[in-house]
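Side-chain atoms are counted along with the backbone in the values below, which use heavy atoms only and exclude waters and symmetry mates.
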Amino acid sequence: MNRLSSLVISGLLSVGLLSAEYWLMINDERAELIDRQHYWGELSAELLRVRVQAMLDHSAVLAQSLANSPQPRSLAVLARSTIRDDTPFGGLGIIEYVRPEQREAFESRVANSIRVLQDRHLAPSPRRPLYYPISSYLPDDSNALPQGLDLGGVGNARRKMDLARHSTQPVLMPTTLPGSNGSRLDIVVRLNDDNTLLLLNLRKDKLIQDSQREPGTASPLRHVRIVAWTQEQPDAPLLDSQPTRPLPSMPPLY
C-alpha cells in the first residue's frame, strides 16, 4: 500500500507539475500574443497617421501648383494627374466663400443656384450669413458633389473651412451629407486668396488597406482591425479596416 500510495502521489504530482507548466506556457503565449497585438496596433496607428499626413502635405503642394502657375492649370488637368488607382485621392473640387450680397452673382456665373440636400434631393438654400458652395467638382460621377451644393450648412464643415481659409495649412474635414450613406473624408486647403478653397476627397479604403510590399513581408494592418472615430461623430466610425464585421464591444488593445 505504501508503494502504491507513493506511485499515486508521484503520478498526481507529475500531472500537477505538467499542468502547471502547460498553463504557464499557454499564459506566456497569450501574453506574447497580446504584446504582438499592441505592437501591431501601434504600428498600424502610426502607419495611418503617416499616410494622412502625407496626403495633407501633398494637398498643399497641389494647391500651390494650381494657384501659382503662370497659366493657371484647369481642374481637369490636375484631376487627370491626381486621381488614379494608385493614389488615395478620389475627387477634386473648388469651393468658394460667398457672402449673401454675392449670391446672385455666383449663381449667375455658375448657372446654378446655391443648394442644400434635403431627403436626398437638392433644394434652394435658405438665406444664410455666408455660403461655401461647390463651383466645380471632378470626376463627374455618381460620387461627385453637385455644383452649387453649400457645404457650409453640413455638420461641422463650416468651422473647418473657416480654419482653412484663414490658414496656409490644409485641414482634414470629415462630413456626412444629409440623406447619404456613410461619411466623407476630405481635405480643404486655401488657394491664392482666402475666398477660394481646393477640396480633395480621400478614398478611405486606400488609407487603411495593405500597401504593396515585397514578397515575404507583411503590413501590420494584416494582423489587427483599425477603427477610427471623430469627436464630431462618435456614433459611427469614420474608418474601419473590417467594415463588414459588427463593431467591437471590447475596449481596444491599443
Side-chain angles (χ1 to χ4, degrees), residues 41-97 132 134-139 143-145 151 154-175 183-214 217 219-221 226-233 237-241 254:
E42 183 178 357
L43 285 180
S44 298
E46 181 64 14
L47 177 61
L48 176 60
R49 187 198 67 78
V50 168
R51 287 180 178 177
V52 171
Q53 186 61 54
M55 294 303 99
L56 289 168
D57 295 340
H58 192 54
S59 298
V61 174
L62 292 175
Q64 186 176 13
S65 69
L66 187 65
N68 297 337
S69 176
Q71 295 181 344
R73 301 166 63 193
S74 67
L75 194 66
V77 174
L78 188 62
R80 282 197 298 270
S81 63
T82 303
I83 304 171
R84 304 189 309 268
D85 289 339
D86 60 340
T87 74
F89 292 115
L92 297 176
I94 301 294
I95 303 173
E96 297 190 29
Y97 170 76
Y132 279 108
I134 296 287
S135 62
S136 55
Y137 190 93
L138 291 172
N143 295 318
L145 295 178
L151 292 179
V154 178
N156 198 40
R158 175 178 166 181
R159 183 173 67 85
K160 299 288 187 179
M161 290 183 289
D162 280 340
L163 180 62
R165 200 166 60 85
H166 294 96
S167 171
T168 58
Q169 300 300 314
V171 175
L172 204 61
M173 186 176 74
T175 55
S183 58
R184 290 176 56 94
L185 183 59
D186 297 296
I187 294 174
V188 283
V189 55
R190 189 177 74 181
L191 287 175
N192 55 343
D193 57 52
D194 61 359
N195 293 320
T196 312
L197 299 171
L198 176 65
L199 177 140
L200 303 103
N201 179 242
L202 295 179
R203 296 164 58 186
K204 296 185 291 183
D205 58 323
K206 286 284 188 178
L207 293 175
I208 52 179
Q209 74 176 12
D210 291 329
S211 58
Q212 297 295 325
R213 289 173 171 265
E214 295 297 326
T217 64
S219 165
L221 289 169
I226 185 163
V227 186
W229 287 263
T230 64
Q231 290 181 339
E232 295 87 356
Q233 297 172 314
L238 177 66
L239 297 171
D240 190 347
S241 61
Y254 174 80

For residues Arg203 and Arg84, report the shortest heavy-atom separation together with the two atoms involved. NH1-O, 3.3 Å
What pairs with Arg159 under salt bridge (Lys or Arg N to Asp or Glu O under 4.0 Å), at least two apart in sequence or on another chain? Glu232
Would you name the heavy atoms of Ser65 and Leu78 that are closest together and state the gap between them? OG-CD1, 4.3 Å
Closest contact, heavy atoms only, Ile83 versus Leu138: CD1-O, 3.7 Å
Contact between Val189 and Leu56 at the side-chain level, heavy atoms closer than 4.5 Å - yes or no? no
Can you measure from CZ (Arg80) to CG (Leu75) and round to the nearest 0.5 angstrom? 10.5 Å
Run Glu96 and Asn195 through side-chain contact (heavy atoms from CB on, under 4.5 Å) and show every step you take. CA-CA 6 Å; Glu96 297 190 29; Asn195 293 320; over 6 Å; no
Nearest 0.5 angstrom please: Asp186 CG to Leu198 CG, how far? 10.5 Å
Check whether any side-chain N or O of Ser241 sits under 3.5 Å from a backbone N or O of Ile208 as a donor-acceptor pair, and report yes or no. no
What are the two closest non-hydrogen atoms of Lys206 and Arg51, and how far apart are they? O-NH1, 3.5 Å
Asp85, CG: over 12 other non-hydrogen atoms inside 6.0 angstrom: no
Between Leu199 and Tyr137 the two heavy atoms that sit nearest each other are CD2-CE1, 3.7 Å
Rounded to the nearest 0.5 Å, the NZ atom of Lys160 sits from the CD1 atom of Ile187 at a distance of 12.0 Å
Strictly distance-based, threshold 3.5 Å: is any side-chain N or O of Thr196 a donor or acceptor partner for the main-chain N or O of Leu191? no
For Arg184 against Asn143, the heavy-atom pair lying closest together: NH1-O, 3.8 Å
When rounded to the nearest 0.5 angstrom, what is the spacing between CZ in Phe89 and OG in Ser81? 10.5 Å
Gap between atom CG of Leu145 and atom CD1 of Ile95 - 0.5 Å precision: 8.0 Å
Interatomic distance, NE2@His58 vs OG1@Thr87, rounded to 0.5 Å, equals 7.5 Å
Run the side chain to side chain donor-acceptor pair (under 3.5 Å) test on Asp162 and Tyr132 for me, step by step, so that the C-alpha distance in whole Å, both residues' side-chain angles and the decisive distance to 0.1 Å come before the verdict. CA-CA 10 Å; Asp162 280 340; Tyr132 279 108; 2.5 Å; yes
Partner set under salt bridge (Lys or Arg N to Asp or Glu O under 4.0 Å) for Glu46, not counting sequence neighbours: Arg49
For Ser59 and Met55, indicate whether the former's side chain and the latter's backbone hold a donor-acceptor pair under 3.5 Å. yes
Partner set under side-chain contact (heavy atoms from CB on, under 4.5 Å) for Leu185, not counting sequence neighbours: Leu172, Pro174, Leu202, Lys204, Leu207, Leu238
